[in-house]
Amino acid sequence: MKVIIAEKPSVGREIARVFGANTKKDGYIEGKGYTFTWAFGHLLQLAAPQEYGYYGWSVQNLPMLPPKFKLAIRKVKSKDGLIDDPGVKKQLDIIKSLFDEATEIIVATDAGREGELIFRYIYYYLKCKKPFKRLWISSQTDEAIKEGFRNLKPGSDYDTLFNSAHCRSQSDWLVGMNATQALSLASGNKGVLSLGRVQTPTLAMICARYLENRDFKPETYYQVAIFPDKDGQKFKAVSDKNFKTREEAEAVLQAVTATANVISVEGKPRKEPPPLLHDLSSLQQEANKKKGFTADQTLSLLQTLYEGKLVTYPRTGSRYIGDDVFAQIPSLISGLQHHPDFAKQATVLNGAKLSKRSVNAKKVTDHHAILPTGEKPWQLSADLQTVYDLVAGRMLEAFHSDCIKDITKITLLSGTRFNASGTVIREAGWRAVFNDPEEDKKDEDNAALPKLTQGEDLPVADKTLVEKQTKPKPLYNEATLLKALETAGKEIEDEELREAMKAGGLGTPATRAAIIETLLSRKYILREKKNLVPTPTGLAVYDVVKGQRIAQAELAGSWEKRLEEIRSGASVSLFQEEIKAYTREITQELLRSGKGVVLQSA
DNA sequence: GCAAGGTC
């Protein structure tokens with residue numbers, strides 16, 4: 001018997017369907033001489049410190065450097081504290097009995113570092129010795145699955161990938177567990193002060209932005225505005241210079257002449273291509289911006305839609321689809337022709353030429369962009385409907401035509417130079433789907449400008465002095481923080497580290513919402529309206545770590561670079577020794593410098 | 001009481 005193991009039930013069932021296997025059992029499916037089973041993501045994790053004899057939280061234990069890591073069943077919170085997750089335990093037992101009977105195992109966990117780790121941890125925990133092969137596919141279509149099975153790889157081809165995954169996992173444990181205990185103990189052991197490769201740079205970003213914003217000294221500056229009149233239609237033009245003092249501006253205001261001379265008229269149509277399909281992060285940002293949902297809420301709503309088979313896999317990091325999925329888009333679009341909000345645009349798109357901007361098989365990694373499945377939603381709650389509509393609406397936008405705008409820029413002379421600009425949407429294209437007002441519109445922008453010709457003189461109907469202030473960078477909210485986490489590392493000077501981080505930023509799509517929730521639950525940050533601001537505790541922790549590597553995205557970047565080298569065969573033990581050395585160093589440093597952190601009373 | 005990673 002051959003056993004196929006997938007990362008999650010949805011994929012296991014999908015592969016079984018392609019094979020034509022349909023005998024459903026508890027936790028697996030049989031048929032055609034195969035057995036199809038699955039994990040639920042990580043079933044196993046590195047065991048907690050006490051499993052290695054480090055009892056309690058104590059300076060004597062630090063740094064905790066287990067000679068050999070152990071695996072433990074994933075834990076869940078219950079009234080008796082942390083216990084083995086019963087659902088996980090049960091599935092692990094099912095997998096064990098299937099592996100026991102197997103002649104061969106086919107590994108169909110997601111094609112990536114964590115997917116490899118999910119399988120290997122199960123395999124080693126169960127002390128399984130059966131031979132295994134690897135299915136390596138990046139698309140879940142029938143053809144891709146069949147092709148993948150014709151091209152199974154030897155399991156050992158992925159040994160170095162497992163090594164890099166295992167190193168990632170151990171490094172996070174070593175640095176995270178030790179740094180957390182060291183800082184908590186140093187501060188007087190009154191509560192948990194957690195630190196980690198991802199959460200600490202994230203906290204640092206929020207704190208740095210908060211302080212920059214708080215300490216910003218706004219500067220007043222002045223502009224002069226005039227309102228020329230063309231045959232009764234007035235529009236606004238602003239001085240091309242800003243003035244530091246009111247006096248300078250007053251002088252320019254006084255010098256405005258009775259008529260303004262049109263020096264130049266520049267008009268050109270601009271094409272604005274449709275946005276890409278959503279990945280998890282862009283959807284979370286959009287839902288936060290438009291509806292105020294938190295990243296965590298959006299993920300959980302999406303998970304419900306996914307379990308209801310209404311949308312495709314949500315925790316994707318790709319905004320693209322392959323050609324195979326593209327072939328299904330026309331029918332998905334025509335399925336929206338009865339949707340209350342989207343009927344009109346779905347009809348417009350039906351049979352039209354579709355934009356292929358989101359179609360690129362090379363940019364599809366483990367999973368493609370989020371799409372509706374075509375199943376009809378039925379009696380969704382308001383929040384679920386909102387998220388569903390963001391997914392469905394984005395699909396219409398992504399395959400729609402360009403938005404075409406006429407942008408006019410006019411320069412006038414009236415004592416000094418004045419500029420006016422105007423934007424007219426000629427063809428809405430993809431913007432017709434949601435019909436939202438544009439966000440980045442400047443206040444000096446006119447909706448439409450009258451037709452003007454170079455050289456003409458216009459009477460100046462009004463003039464005024466405008467007082468303005470320079471603005472600080474805004475505080476982070478969930479949308480801007482998610483974006484910043486995605487692009488974290490872009491400003492790293494070292495080119496190789498920058499490259500290593502470019503692929504992922506900080507954290508992963510699946511974990512970023514959880515990182516924000518962790519910082520909230522530690523009371524390091526608070527939600528203040530839509531903004532994320534640090535608490536005194538968060539600022540105190542930041543003050544201790546801000547000069548250290550653990551607070552910088554560079555640390556994550558340097559690990560990524562080394563992990564990638566391990567994947568291509570570099571020494572595992574060398575990296576492990578370096579991590580241990582760093583663990584000793586950061587633990588000592590925090591025990592010394594962490595004394596200043598005072599917990600605020602909850 | 002602790003990390004980050006995956007998923008239900």
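Within every chain, numbering begins at 1; the chains are lettered A, B, ... in the order of the sequence lines, protein sequences first and strands thereafter.
Here the P atom of nucleotide dA4(B) and the CZ atom of Arg113(A) are 14 Å apart, to the nearest Å. Remark: P of dA3(B) and CD of Gln45(A) are 11 Å apart, rounded to the nearest angstrom. Atom CD in Glu51(A) sits about 14 Å away from atom C1' in dC2(B), given to the nearest Å. Atom CG of Leu519(A) and atom P of dA4(B) are 9 Å apart (whole Å). Between the C1' atom of dG5(B) and the CG atom of Leu43(A) lies a distance of 13 Å, rounded to the nearest Å. Across the protein-nucleic acid pair, Asn61(A) atom CG and dG1(B) atom C1' stand 14 Å apart, rounded to whole Å. To the nearest angstrom, P of dA3(B) lies 16 Å from CG of Leu506(A). Note: NZ (Lys89(A)) to P (dC8(B)) measures 21 Å, nearest angstrom.
Residue Pro9(A) is in sugar-phosphate contact alone, with no base atom involved, counting any heavy-atom pair closer than 4.0 Å across all strands shown. The residue Leu46(A) sits close to a base: some heavy atom pair falls under 4.0 Å. Counting any heavy atom pair closer than 4.0 Å across all strands shown, Tyr121(A) reaches no nucleic acid atom. At the heavy-atom level, Glu7(A) lies under 4.0 Å from the strands shown only through sugar-phosphate atoms. Using a 4.0 Å heavy-atom criterion, one finds that Gly87(A) contacts no nucleic acid atom at all. Arg522(A) comes within 4.0 angstrom of sugar-phosphate atoms only, judged by non-hydrogen atoms across all strands, and of no base.
Using a 4.0 Å cut-off on heavy atoms, none of the residues of residues 562-577 of chain A approach DNA chain B.
Of the residues near DNA chain B, Ser184(A) and Arg197(A), the one whose nearest nucleotide (by heavy atom distance) lies more toward the 5' end is Ser184(A). Taking the nucleotide of DNA chain B with the nearest heavy atom to each of Thr511(A) and Gly81(A), the more 5' of the two is matched to Gly81(A).
Below 30°, between 30° and 60°, or above 60°: for His367(A) and Tyr313(A) the angle between ring planes is below 30°, a parallel geometry. Note: Phe162(A) and Tyr124(A) have tilted aromatic rings, judged against thresholds of 30 and 60 degrees for the angle between ring planes.
If you check dC2(B), dT7(B), dA4(B) against the side chain of Val198(A), the one that comes closest is dA4(B). Comparing dG1(B), dA4(B), dG5(B) by their closest approach to the side chain of Val192(A) singles out dG1(B). Nearest to the side-chain atoms of Gln50(A) among the listed nucleotides dG5(B), dC2(B), dC8(B) stands dC2(B). Considering only the side chain of Met177(A), dA3(B) comes nearest among dA3(B), dC8(B), dA4(B). Closest approach to the Asp172(A) side chain among dG5(B), dA4(B), dC2(B) is made by dA4(B) (side chain taken as heavy atoms from C-beta onward). Of the candidates dC8(B), dC2(B), dA3(B), dC2(B) carries the atom nearest the Trp57(A) side chain, counting heavy atoms from C-beta on. Out of dT7(B), dC2(B), dG1(B), the shortest distance to the side chain of Asp110(A) is found at dT7(B).
A salt bridge links Glu104(A) and Lys2(A); the closest N-O separation between the charged side-chain nitrogens and carboxylate oxygens is under 4.0 Å. A salt bridge does not link Asp100(A) with Lys130(A): every distance from a Lys NZ or Arg NE/NH1/NH2 to an Asp or Glu carboxylate oxygen is 4.0 Å or more. A salt bridge is absent between Lys309(A) and Glu14(A): the closest approach of a Lys/Arg side-chain nitrogen to an acidic carboxylate oxygen does not fall below 4.0 angstrom. One finds a salt bridge joining Glu286(A) and Arg394(A) here, because a Lys/Arg side-chain nitrogen approaches an Asp/Glu carboxylate oxygen to under 4.0 Å.
Under a 3.5 Å cut-off, the side chain of Thr587(A) and the backbone N or O of Thr583(A) do form a donor-acceptor pair.
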| query | Could you go step by step and tell me if Lys75(A) and Asp85(A) meet the salt bridge (Lys or Arg N to Asp or Glu O under 4.0 Å) rule? | reply | CA-CA 5 Å; Lys75(A) 300 293 183 282; Asp85(A) 184 319; over 6 Å; no
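Side-chain to base pairing of Gln181(A) with dC2(B): one donor and one acceptor N or O lie within less than 3.5 Å of each other.
Remark: Ser194(A) is in phosphate contact with dA3(B), judged by side-chain N or O atoms under 4.0 Å from OP1 or OP2.
Taking a centre distance below 5.5 Å and an interplanar angle below 30 degrees as the stacking criterion, Trp173(A) does not stack against the six-membered base ring of dA4(B).
Aromatic pair Tyr476(A)/Tyr210(A): centroids not less than 6.0 angstrom apart.
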